[in-house]
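Heads up, the thing below is written out as structure tokens.
Quick note: residue numbers are just sequence positions, from 1. Quantities reported herein were computed from a predicted structural model and do not represent experimental measurements.
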Amino acid sequence: MTILVTGATGSVGRHVVAGLLAAGASVRALTRRPEAAGFPADVEVVGGDLADLDSVRAALRGVSGLYLFPVAEGAAQVAAAAREAGVGHVVVLSSGSAANAESGEPGAVSHRGVERAVESAGLSWTHLRPGAFASNTLAWRFAINGDGVVREPFGAAAQAVIHEADIAAVAVRALLEDTHAGRVYPLTGPAAITRAEQARVIGAVLGREVRFVEIPQAEGRAAMSRFLPQRSVDALLNYLAAAVDQPDQVSPVVEQVTERPARSFEEWVRDRAADFR
């Protein structure tokens, strides 16, 4: 079978490509910059963009499975193209926020919209809903390489952050096995760890002290508002505030599907330590 991986050069997509290759699948990778993809020679790399429907249709020819990176717009058209191409199964990289799309938060609405588009197209599907990515802490690298102090609100917020390789491992199983159709998979790491502890673990792996200094919520809001829409900032701060007293619920799905424990935050830091330096 040939499986099309969209978002193939992303942090999850690269692991999906590697996992499919290791399982002996034929892989086609869709990327905006084929010349910079850096995949092994046995990966068929094609140029294109999910926003360019002609390139999507071309990439879908002869494809039996599709790993779908969340498309900002045009999800219904992409799903229809997959149906017309005879794609047998679609694995959607969604988000845990999709479970609360009625909140109106833009990210939640967008992710649930992609899920609904695939469902409405009549395709066989599996939705992956990861919670907080461990890689979100890469936003701290400038502070860590400065004075070693992470200044953010809600240091006691406990998150079950997930390694991107675990998301990909579940995606690979869902693409290659017949038992995952119609399933919605919440995905988390193996334990809830506070943001202050995340900073400490990063420091321990890097071999230097990294401290978390909690700042007022208003100060954190002002900083986040430079990069995110206001409703997304509100949703993030509300989530972090709630996670102080109600830590993220740990999902067993990674271990159930892959038959191996989810990777810890410390394992993720060791894998990505070079990105902090």
Give me the atom names and distance for the closest heavy-atom approach of [X] to [Y].
X      : Y      : result
Pro153 : Pro216 : CB-O, 4.3 Å
Ser94  : Pro130 : O-CD, 3.6 Å
Arg14  : Ala36  : NH2-O, 4.2 Å
Val63  : Ala59  : CG2-O, 3.4 Å
Ser264 : Pro190 : CA-CG, 3.8 Å
Pro40  : Leu21  : CG-CD1, 4.0 Å

Could you tell me which residues satisfy ring-ring contact (aromatic ring centres under 6.0 Å, His included) with [X], sequence neighbours excluded, listed by chain and number?
X      : result
Phe154 : none
Tyr185 : His180
His111 : none

Qualifying residues under side chain to side chain donor-acceptor pair (under 3.5 Å), relative to Tyr239, sequence neighbours excluded
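For Tyr239 the side chain to side chain donor-acceptor pair (under 3.5 Å) partners, ignoring immediate neighbours, are Gln159, Asp248.
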Pairs in or reaching into residues 31-55: which pass ring pair (Phe, Tyr, Trp, His ring centres under 6.0 Å), with residues at least two apart or in two chains?
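Sorted result for residues 31-55: empty, none.
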Does anything in residues 62-94 form a ring pair (Phe, Tyr, Trp, His ring centres under 6.0 Å)? List the pairs, not counting sequence neighbours.
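Of all non-adjacent pairs touching residues 62-94, none passes ring pair (Phe, Tyr, Trp, His ring centres under 6.0 Å).
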So, taking the atom named [atom1] in [X] and the one named [atom2] in [Y], what distance separates them when rounded to the nearest 0.5 Å?
X      : Y      : atom1 : atom2 : value
His127 : Ser95  : NE2   : OG    : 13.0 Å
Glu214 : Glu219 : CD    : CD    : 11.0 Å
Thr6   : Leu93  : OG1   : CG    : 8.5 Å
Leu176 : Thr179 : CG    : OG1   : 11.0 Å
Leu50  : Ser55  : CG    : OG    : 7.5 Å
Asp166 : Leu128 : CG    : CG    : 12.0 Å

Do [X] and [Y] come within less than 4.5 Å of each other through their side chains, counting heavy atoms only?
X      : Y      : answer
Val43  : Val17  : yes
Val254 : Ile162 : yes
Leu66  : Ile3   : no
Val91  : Leu68  : no
Val27  : Val16  : no
Val92  : Pro70  : no

Any donor and acceptor pair, going by atom type alone, linking the side chain of [X] with main-chain N or O of [Y] inside 3.5 Å?
X      : Y      : value
Ser110 : Pro106 : no
Ser120 : Ala117 : no
Arg173 : Thr258 : yes
Ser232 : Leu228 : no
Thr31  : Pro34  : no
Thr9   : Ala37  : no
Arg195 : Leu240 : no

Got more than 12 heavy atoms from elsewhere within 6.0 Å of [atom1], [X]?
X      : atom1 : result
Glu177 : CD    : yes
Gln246 : CD    : no
Arg208 : CZ    : yes
Glu102 : CD    : yes

N-O pairing of Arg200 and Glu197 below 4.0 Å:
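Yes.
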Salt-bridge criterion met for Glu105 and Arg112 (N-O under 4.0 Å)
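Salt bridge between Glu105 and Arg112, a charged N being under 4.0 Å from a carboxylate O: no.
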Sequence neighbours left out, what pairs pass salt bridge (charged side-chain N to carboxylate O under 4.0 Å, His left out) with at least one residue falling in [range]?
range            : value
residues 124-144 : Glu115-Arg129
residues 39-53   : Arg28-Glu44, Arg32-Asp49
residues 57-70   : Asp54-Arg57

Tell me yes or no: between the side chains of Thr188 and Ser251, is some donor less than 3.5 Å from an acceptor?
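Looking only at side-chain atoms, Ser251 and Thr188 do not form any donor-acceptor pair under 3.5 Å.
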To which residues is Phe265 joined in a hydrophobic cluster, defined by side-chain heavy-atom contacts under 4.5 Å among Ile, Leu, Val, Met, Phe, Trp and Tyr, whether direct or through other members?
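Answer for Phe265: Leu138, Trp140, Ile144, Val150, Val161, Ile193, Val201, Ile202, Val205, Leu206, Val210, Phe212, Trp268, Val269, Phe276.
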Which Ile, Leu, Val, Met, Phe, Trp or Tyr residues join Val213 in one cluster when any pair of side-chain heavy atoms under 4.5 Å counts as a link?
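Traced through the cluster, Val213 reaches Val149.
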Val46 with Met1, same ILVMFWY side-chain cluster at under 4.5 Å
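Yes, same cluster.
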Going hydrophobic residue to hydrophobic residue with side-chain gaps under 4.5 angstrom, can you get from Ile167 over to Val250?
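In one cluster: no.
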Trace of the salt bridge (charged side-chain N to carboxylate O under 4.0 Å, His left out) decision for Arg260 with Glu255
CA-CA 5 Å; Arg260 59 170 301 281; Glu255 185 166 6; over 6 Å; no
Once side-chain contact (heavy atoms from CB on, under 4.5 Å) is applied, do any residues pair with Arg221, and if so which ones, sequence neighbours excluded?
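Applying side-chain contact (heavy atoms from CB on, under 4.5 Å) to Arg221 gives Gln217, Ser225, Gln230, Val233, Asp234, Leu237.
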Checking salt bridge (charged side-chain N to carboxylate O under 4.0 Å, His left out) for the pair Glu267/Arg270: CA distance, chi angles, key distance, verdict?
CA-CA 5 Å; Glu267 288 179 87; Arg270 293 188 185 282; over 6 Å; no
